[in-house]
Amino acid sequence: QVHLVESGGGSVQAGGSLRLSCAPSVYTNNRNLGVLGGWFRQAPGKEREWVASIGGGTTYVASSVKGRFTISQDNAKNALYLQMNSLRPEDTGIYYCARGPAYGGDWSRPTLYNYWGQGTQVTVSS
């Protein structure tokens with residue numbers, strides 16, 4: 001079963017913007033899947049890399065996207081968002097959202113998250 005569903009991906013030219021959304025799937029009956037939220041991405045031929053995390057009002061973003069990407073959430077909707085501005089070709093990849101049960105540990109590690117979406121494709125052309 002898919003617990004999270006991403007949306008908002010697409011194809012844009014360099015310098016453009018996209019806003020990704022992540023919501024619980026119908027299988028979760030809208031229950032809260034965890035207090036920690038994160039976005040990861042995977043480019044073709046590369047390993048999955050951490051992009052940003054949010055929890056308890058604190059946010060962290062990877063240095064490669066700092067100043068361009070913003071993570072946020074709507075607790076009432078159990079939703080996560082990733083606003084991506086000034087997109088670059090190297091931002092191309094499949095973007096995954098994830099939820100984890102606790103704040104402890106290194107938020108950039110995928111092992112902290114136990115619910116994942118199937119991903120949404122982001123393609124940035126030069």
Provide the closest heavy-atom pair for Asp106 versus Ser108 in the form atom of the first, atom of the second, distance. OD1-OG, 2.7 Å
Please round to the nearest 0.5 Å and tell me the distance separating atom CD of Gln73 and atom OG of Ser21. 13.0 Å
Atom CG in Leu82, atom OG in Ser72: separation rounded to 0.5 Å? 8.0 Å
Please round to the nearest 0.5 Å and tell me the distance separating atom CE of Met84 and atom CD1 of Ile71. 12.0 Å
Would Arg99 and Trp39 count as a cation-pi pair here, with the cationic atom under 6.0 angstrom from the ring centre and within 45° of the axis? no
Pick out which of Thr120, Val65, Leu20 makes a side chain to side chain contact (heavy atoms under 4.5 Å, CB included) with Arg41. Val65
Are the side chains of Pro101 and Val35 in touch, meaning some heavy atoms are under 4.5 Å apart? no
Taking the six-membered ring for Trp, is the centroid-to-centroid distance between Tyr60 and Trp50 below 6.0 Å? no
Pairwise distance CZ(Arg88) to OG(Ser126) - rounded to 0.5 angstrom: 14.0 Å
Between OH on residue Tyr95 and CG on residue Leu18, distance to nearest 0.5 Å: 9.0 Å
I'd like to know if the side chain of Thr92 and the backbone of Val124 have a donor-acceptor N/O pair within less than 3.5 Å. yes
Can you measure from CG (Leu80) to CG (Leu4) and round to the nearest 0.5 angstrom? 7.5 Å
Check: Phe69 and Asn85 side chains under 4.5 Å, non-hydrogen atoms: no
Measure the shortest side-chain to side-chain distance between Val61 and Val51 over non-hydrogen atoms and say whether it is less than 4.5 angstrom. no
Taking everything shown except Gln42 itself, do over 12 heavy atoms lie less than 6.0 Å from its CD? yes
Evaluation steps, side-chain contact (heavy atoms from CB on, under 4.5 Å), between Tyr96 and Arg48: CA-CA 9 Å; Tyr96 301 89; Arg48 189 173 298 190; 3.6 Å; yes
Go through the structure and list residues passing ring-ring contact (aromatic ring centres under 6.0 Å, His included) with Tyr115, not counting sequence neighbours. His3
Can you tell me which residue pairs pass the disulfide bond (SG atoms under 2.5 Å apart) test with a partner in residues 82-126, sequence neighbours excluded? Cys22-Cys97
Tell me the closest heavy-atom pair linking Trp116 and Pro110, and the distance in Å. CZ2-O, 3.6 Å
Using every non-hydrogen atom in the two residues, find where Ser17 and Ser86 come nearest and quote the distance to one decimal. OG-N, 4.3 Å
Taking all heavy atoms of Tyr113 and all of Gly38, pick out the closest pair and write down the distance. CE2-N, 3.7 Å
If we ignore hydrogens and angles and just use 3.5 Å, is the side chain of Glu6 paired with the main-chain N or O of Gln118 as donor and acceptor? yes
